[in-house]
Amino acid sequence: MIDRIFDPEAFEQRWYQHWEQSGAFRPQRPDAQPFTIVIPPPNVTGSLHIGHALDNTLQDVLIRWHRLQGRDARWIVGTDHAGIATQMVVERQLAETQQPGRTAMGRDAFEAKVWEWKAESGGTITRQLRRLGASCDWQNERFTMDAGFNTAVNKVFVELFRQGLLYRDKRLVNWDPKLKTAISDLEVEYREVDGKLWHFRYPLEDGSGFIAIATTRPETILGDGAVAVHPDDERYRRLVGKRCRLPVVDRLIPIIADPMVESDFGSGAVKITAAHDFNDFAVYQRHPQAGIPLINLMNPDATMADTCPPDYRGLTREAARASVVADFEALGLLDKIEPHRHQVPYGDRSGVVIEPYLTDQWYVNAGELAKDALAAVHDGRTRFVPATWEKTYFNWMENIQPWCVSRQLWWGHRIPAWYGPDGKVFVAETEAEAQAQAGAGVPLTRDEDVLDTWFSSALWPFGTLGWPEQTADLARHYPGDVLVTGFDIIFFWVARMMMQGLHFQGEVPFRTVYCHGLVRDAQGQKMSKSKGNTVDPLGLIEKYGADALRFTLTAMETQGRDIKLNESRIEGYRNFATKLWNAARFAQMNGIAGHPDLLPPAASQPVNRWIIGEVKACATALEQAIAQFRFDAYADAIYRLVWSRFCDWYLELIKPLLADGADAAAAAETRAVAGWTLDQILVMLHPVMPFLTEELWHQLAERGDLILARWVATDALPADAEASADIDWLIGLISEVRSARTEVNVPPSAKLAYAVDGATPETLARLAANAAAIERLARIVPGELAAGGRLAVVHGEATILIPLGDVIDLAAEKARLEKALAACAKERDALAGRLANPGFTEKAKPEAVDKAREDHAARTAEAERLQAALARLG
RNA sequence: GGGCGUUUAGCUCAGCGGUAGAGCAUCUCGUUUACACCGAGAGGGUCGGGGGUUCGAACCCCUCAACGCCCA
């Protein structure tokens, strides 16, 4: 028996274990059409936050829905090694436990520590995904650092190198002095900072005066290689081609003209420090004849290097800045200091100021790979939903820069490149191959660096399927159908999967990219640990059940918007689950059980024919919602069917049919239809609320699992317009009578007699056929039209007259009728006005004109009846 | 500076060319044997401002404003 109390904790984990152990997440369906999703692999360091909960709920809805459709649904799962993040976590842990640090223990020992840590803590997030109900293919779980992935990464690296699409280059990178590694453009965040603008003077070589420059970074003066002015700037035209003397360093540097210089910034002359500024580096490249030196001023930790004058060596950037300013001031060459607000680059992981830094790094020619990735979205091989994200994708892809893929870390895929004694590089998938290239006996040293984490996650859609082996899985599940992810990693990840997928598989990695928004708190603030406004999805699951959280996230997922998560919504959907639980309990108490067939039993009762039509309409709406990725519409349609149709009306309307002494055949039919309907509800709700529905599915009958059941036979279901009209009429009548009763203050419990005026034979028949339901729900029964005050309820062409004798509140009834009349007359007149407009009748669509005529006639008649009722009141 | 998005009931959001919707919240009533995590009923919106197109605009176009995000 279904328990009186709905308690999600009682069955959620039990069902999950059953599904996983029975292989339900990946049923053997070799003949079915595959449906494939690859999970955005969560960081192995991480734990489930609410953003994961959203992302994975949506994926699970899609996977479960397609599984119910009979598809060979497969949700490929795994975790990401997350280079910097994981290395930081483990280093922090070593520090906290007073163990030797990374550099003290050495590379091999440190790597072993990370693997140890992964074995202990790496399962946290995958356990939490199970708690959420994610029906992933755990049997083939992957990790971006496992051996197969390493093979794939090496192969990709080597092939790109051979094709000239990957190369080693010395250029400026975004250098993180805390982590002592290069990072990519995307890992830099610009913050607006209140800084200063220092104005200095450099003496001209010929002693004829000075040239004034302004800078936000005085410490880099030590590396200046030129002063630049705009070619059209009259003030400086005569100085171009001359030289000035760099104070403190005492070096002669040229004055050059370059259109990059903004004449209205500062003095209109800027210093050029080619090794510490991206713009300056570009100037350096444009002026090879000027002989601008590239002076790397700093050590990897951003202290001043031996390339600086002796007094500066070893100072931090900040100390060197103060020192330079003081030295200029002492020389009388400091003009002024102005407050200046500007953008400063920070490392998104370390939070320290990024230093443009000249080093040797490996780069991928992203511009070349982007070509097909752009074309694939332009020609629709991959589409974005919502489509607006295409613009973001295009915009970035069209302006893509070389991708720096090497990282000075220890945790990650080590770069498969070896160097000979002369520095010659040998790129190969294995050391043996590199040795073969170099020649036997040549001593080789492997590149110390590892690859950017996104280099391996770019291979996720095919690396997970066994590539470079040409596996059956790869043939069957690549390309995937849908990628579900947050818009914030379109650049980081989606774009790179597109590039690598197209390049190495010749096909896009997925047909559709569904981008959802961010989950924010109830005030619309971005959630962050530092603000302390994060919500823990596990806590919410414990409080309300996983189903309620899933339903909430699904219902709130409207395309193109962030989600403002309010706990009251979760509570509301927990109530919804309780409502269905109780409805099923009621059904069971009345001998209603699961139905053995996909198709509904034959039905003669209008209420039964009606609910079958409602199921058909709902299923159709749900199918459309999935096709359009309208998760909110999915939740809305099933919520409405369950609560506003099935519970509010169907169950109430069938109570008389199931009562003692009711017609046995009608009762049997009703039990069968009710059972069938409940089954369809469970199937349709299952993708969103898998636990509750599976539990009830088994409570209602002995049978196989719902997770592997079949979707509603939508097309085969009858839609009975006549039954639908009957029941809509009945619902309308009951609602109007209830409303009227309340407005004239008739106690809800009072059972009243009624008579009817102006009814057609059809209406009289409907009143008779539904007498029991009307008595139960409107609390009126046919009777004599006694004298005295009457309540008049106009419904369609008929007026229901309910004599109330002296009890009636005449004033209230008069007010009620007047209000109804006013509303009706207003609509009538608006329609009349429209119909009187020749522009409308001539130009509008004929259907619109016909509808207006019909509505106008109906409103006119209704107004007359209300008028008559008012007249009778006197 | 460039681009994108948002602005509809107290709150969160649907609707995107033919009479303004949902959930929550509010108010009134109610323990009729599934459910008070409930039932019945009610109130509440000149759809950000202005202009235009159209027989007709929350919906299309232009413009302004506010807020948010991304890129430089």
Side-chain angles (χ1 to χ4, degrees), chain A residues 2 4-6 185-186 189-190 278-279 343 386 388-392 394-396 399 487-488 490-491 517-518 520 522-526 544-545 548 552 555-590 592 630 632-633 635-636 639-640 643-644 647-648 651-652 655 659 734-743 745-751 775-779 819 823 826-831 833-845 847-849 851-852 855-856 859:
Chain A
I2 297 173
R4 267 180 58 84
I5 307 294
F6 166 61
D185 300 345
L186 294 173
E189 58 179 44
Y190 287 85
F278 286 96
N279 286 326
Q343 301 274 340
T388 178
W389 291 114
E390 283 180 0
K391 291 176 200 153
T392 304
F394 289 146
N395 194 271
W396 188 69
N399 298 295
F487 64 80
D488 50 329
I490 289 176
F491 307 146
L518 259 48
R520 298 169 176 278
Q523 279 70 48
Q525 297 285 311
K526 201 166 167 176
Y544 300 105
T552 306
M556 297 188 79
E557 174 55 23
T558 63
Q559 284 184 5
R561 258 189 208 251
D562 286 348
I563 290 179
K564 287 185 202 166
L565 187 66
N566 196 322
E567 202 168 317
S568 71
R569 288 291 292 266
I570 309 175
E571 191 184 345
Y573 293 124
R574 190 271 321 270
N575 296 352
F576 170 72
T578 309
K579 184 77 178 173
L580 178 59
W581 179 268
N582 282 310
R585 202 170 131 253
F586 167 80
Q588 193 179 55
M589 285 164 47
N590 283 276
I592 292 163
R630 287 305 304 255
D632 58 331
D636 189 58
Y639 185 98
R640 188 175 294 276
W643 204 316
S644 308
C647 291
D648 284 352
L651 290 184
E652 295 304 329
K655 279 175 182 175
I734 292 166
S735 302
E736 292 196 42
V737 172
R738 282 170 165 174
S739 175
R741 288 174 62 119
T742 307
E743 285 196 48
N745 306 311
V746 177
S749 53
K751 192 171 282 186
E775 177 180 348
R776 216 186 114 74
L777 300 174
R779 301 196 70 74
K819 198 177 85 180
K826 189 181 162 199
E827 279 187 27
R828 178 197 62 198
D829 296 344
L831 287 160
R834 204 193 307 176
L835 286 163
N837 179 355
F840 176 67
T841 47
E842 285 162 22
K843 294 184 187 171
K845 283 176 294 192
E847 308 91 85
V849 179
K851 180 154 190 312
D855 290 349
H856 179 254
R859 291 288 87 81

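Protein chains get the first letters and strands the later ones, always in sequence-line order, with residue 1 at the start of each. Note that this is a predicted model, so its numbers are computed, not measured.
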Worksheet entry | Watson-Crick and G-U pairing of RNA chain B written in dot-bracket, each distance under 3.5 angstrom, with | for inter-strand partners | ((((((((.[[[[.)..(..]]]].(((((.......))))).....[[[[[..)....]]]]]))))))).
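In this structure, A/Leu565 places its CG atom 11 Å from C1' of B/U12, rounding to the nearest Å. Atom CG in A/Asp632 sits roughly 13 Å away from atom C1' in B/U12 (whole-Å rounding). Residue A/Leu518 contributes atom CG, which lies 16 Å from atom P of B/U6 at whole-angstrom precision. The CD-C1' distance, from A/Glu827 to B/G18, rounds to 14 Å in whole Å. Atom CZ of A/Phe487 is separated from atom C1' of B/C70 by 8 Å (rounded to the nearest Å). Taking atom CH2 on A/Trp396 and atom P on B/C71, their separation rounds to 11 Å, with Å as the unit. Following rounding to the nearest Å, A/Arg569 (CZ) and B/C24 (P) show an atom-to-atom distance of 9 Å. As rounded to whole Å, 19 Å separates atom P of B/G68 from atom CG of A/Asp488.
Comparing B/U46 with B/A9, their P atoms sit 9 Å apart, to the nearest whole Å. Rounded to the nearest Å, the gap between the P atom of B/A40 and that of B/C4 is 47 Å. Look at the C1' atom in both B/A65 and B/G21: the space between them is 27 Å, to the nearest Å. B/G50 and B/G17: their P atoms are spaced 23 Å apart (whole Å). When the P atom is used for both B/C60 and B/C16, the distance is 10 Å, rounded to whole Å. Rounded to whole Å, the C1' atom of B/U54 lies 12 Å from the corresponding atom of B/C61. The separation of B/G44 from B/G30, taken at their P atoms, amounts to 23 Å, rounded to a whole angstrom. Separation of the C1' atoms belonging to B/U33 and B/G43 is 33 Å when rounded to the nearest angstrom.
When atom types are taken as modelled, the side chain of A/Asn399 and the backbone of A/Asn395 share a donor-acceptor pair closer than 3.5 angstrom. Side-chain atoms of A/Arg741 come within 3.5 Å of backbone atoms of A/Arg779 as a donor-acceptor pair (strictly under, hydrogens ignored). A distance-only check finds a donor-acceptor pair linking the side chain of A/Asp562 to the backbone of A/Leu518 [under 3.5 Å]. Side-chain atoms of A/Ser739 do not come within 3.5 Å of backbone N or O of A/Ser735 as any donor-acceptor pair.
Residue contacts for A/Ser739: at a heavy-atom cut-off of 4.0 Å it reaches the sugar-phosphate backbone alone, with no base atom in range. Residue A/Ala844 is in base contact, counting any heavy-atom pair closer than 4.0 Å across all strands shown. Backbone-only contact: A/Asn837 has heavy atoms under 4.0 Å from sugar-phosphate atoms and none from a base.
Between A/Lys826 and B/U19 there is no side-chain polar atom (N or O) within less than 4.0 angstrom of OP1 or OP2. Between A/Ser735 and B/A40 there is no side-chain N or O to OP1 or OP2 distance below 4.0 Å. Within the structure, every side-chain polar atom (N or O) of A/Thr742 is placed at least 4.0 Å from both OP1 and OP2 of B/A40. Taking only side-chain nitrogens and oxygens, A/Arg630 comes nearer than 4.0 Å to OP1 or OP2 of B/G15. Between B/G43 and A/Lys819, a contact under 4.0 Å exists linking OP1 or OP2 to a side-chain N or O.
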Item to complete: Under the side chain to side chain contact (heavy atoms under 4.5 Å, CB included) rule, what do A/Ile2 and A/Phe586 come out as? Steps first, then yes or no, please.
Response: CA-CA 9 Å; A/Ile2 297 173; A/Phe586 167 80; over 6 Å; no
Worksheet item: How far apart are the C-alpha atoms of A/Thr392 and A/Phe491, what are their side-chain angles, what is the distance that settles it, and do they pass the side chain to side chain contact (heavy atoms under 4.5 Å, CB included) test?
Response: CA-CA 9 Å; A/Thr392 304; A/Phe491 307 146; 3.6 Å; yes
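Atom-to-atom distance recorded for A/Asn582:CG and A/Leu651:CG is 11.0 Å, nearest 0.5 angstrom. The CZ atom of A/Arg585 sits 13.5 Å away from atom CD1 of A/Ile592, with the distance rounded to the nearest 0.5 Å.
Nearer the 5' end of RNA chain B, as judged by each residue's closest nucleotide, is the contact made by A/Lys851, out of A/Lys851 and A/Arg640.
Taking 4.0 Å as the cut-off between side-chain N and carboxylate O, A/Arg859 and A/Asp855 do not count as a salt-bridged pair. Salt bridge present: A/Asp632 and A/Arg630 bring a charged side-chain N and a carboxylate O closer than 4.0 Å.
Comparing B/C4, B/C24, B/G18 by their nearest atom to the side chain of A/Phe840 picks out B/G18.
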Measure all distances between protein nitrogen or oxygen atoms and nitrogen or oxygen atoms of nucleotides 32-39 of chain B, and list the pairs falling under 3.5 Å.
unit_1	atom_1	unit_2	atom_2	d
B/A34	OP1	A/Lys655	NZ	3.3
B/A34	O2'	A/Arg585	NH1	2.7
B/A34	N7	A/Lys655	NZ	3.3
B/A34	N6	A/Cys647	O	3.3
B/A34	N6	A/Glu652	OE2	3.1
B/A34	N3	A/Asn582	O	3.3
B/A34	N3	A/Ala583	N	3.3
B/C35	O2'	A/Asn582	ND2	3.2
B/C35	O2	A/Lys579	NZ	2.9
B/C35	N3	A/Lys579	NZ	2.9
B/C37	O4'	A/Asn575	OD1	3.2
B/C37	O2	A/Arg574	NE	2.7
B/C37	O2	A/Asn575	OD1	3.3
B/C37	O2	A/Thr578	OG1	2.6
B/C38	OP1	A/Asn575	ND2	3.3
B/C38	O3'	A/Lys579	NZ	3.1
B/G39	OP1	A/Lys579	NZ	2.9
B/G39	OP1	A/Trp643	NE1	2.6

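Both the sub-6.0 Å distance and the 45° axial angle are not jointly satisfied by A/Arg574 relative to the ring of A/Tyr544.
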